[in-house]
Protein chains: 2
Amino acid sequence: MAKARIRFGISVRQRRNQLEWSQEELAERSGLHRTYIGQVERGVRNISIDNMEALAEALMLPLAELLRSDS
Amino acid sequence: MAKARIRFGISVRQRRNQLEWSQEELAERSGLHRTYIGQVERGVRNISIDNMEALAEALMLPLAELLRSDS
DNA sequence: GTGTGACTTCTAGTCCGTA
DNA sequence: ATACGGACTAGAAGTCACA
């Protein structure tokens, strides 16, 4: 249990670093709060599908890509 | 917006029908409530990642599979 | 630029019923 | 076997001050 949100958080962070964005920049682009982004990346938040989609769109990746078991 | 939860709901329903399970059976296997399953399948609920994972495990599919754009 | 705890508001999620 | 409604409780959303 709670494996998916760990993987998701790691994927978001990897992609954000790849784009060389700060959490603050991703926050602005996704419409979410800066601290919330950080919490999601660390897997401490049980994020909902709507917010996952907002992040995926901001990161310009399909949502399924952020949940792949390998990555 | 809210496209992902529609796709997710459809995928869950398709897979459940494929397994020939009732909503009630999926509810028992996933540990979620029967009425909630129905709402998720219809896309009226903004489900969290932990529960998405619970459904994916009950349905014996990787979570990413339930979110694919095509399917 | 990020991590963390705490806080309030709002909705996810349950449980009852009826159809 | 599923949809839908109301009422309720647990927990996510969203924000902040401070490290």
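Below, each value reflects all heavy atoms present in this structure, side chains not excepted, and no hydrogens, waters or symmetry copies. Throughout, a chain's letter reflects where its sequence line sits, starting with A, and its residues are numbered from 1.
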Reading nucleotides 12-19 of chain D from the 5' end, what letters show protein touch, with B for base, S for backbone sugar-phosphate only, - for no heavy atom under 4.0 Å?
SBBBBB--

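No side-chain donor-acceptor contact under 3.5 Å links B:R45 to the backbone of B:Q39.
Taking atom CD on A:E24 and atom P on C:dG3, their separation rounds to 13 Å, with Å as the unit. Between the CD atom of B:E25 and the C1' atom of D:dA1 there is a distance of 12 Å, rounded to whole Å. Going from atom CZ of A:R13 over to atom P of C:dG1 covers 15 Å, rounded to whole Å.
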Working for side-chain contact (heavy atoms from CB on, under 4.5 Å), residues A:N51 and A:V40
CA-CA 10 Å; A:N51 281 347; A:V40 167; over 6 Å; no

Apply salt bridge (Lys or Arg N to Asp or Glu O under 4.0 Å) to the pair B:R16 and B:E41, showing each step before the final yes or no.
CA-CA 10 Å; B:R16 182 175 61 79; B:E41 285 185 351; 2.6 Å; yes

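Between A:F8 and A:L63 the shortest side-chain heavy-atom distance falls below 4.5 Å.
Contact annotation: A:R42 does not reach the phosphate of C:dT2 (side-chain N/O to OP1 or OP2, under 4.0 Å).
With salt bridges taken as basic N to acidic carboxylate O contacts below 4.0 Å, none links A:E28 and A:R34. At a threshold of 4.0 Å, the pair B:R5-A:E53 does not count as salt-bridged, since none of the basic side-chain nitrogens sits closer than that to a carboxylate oxygen.
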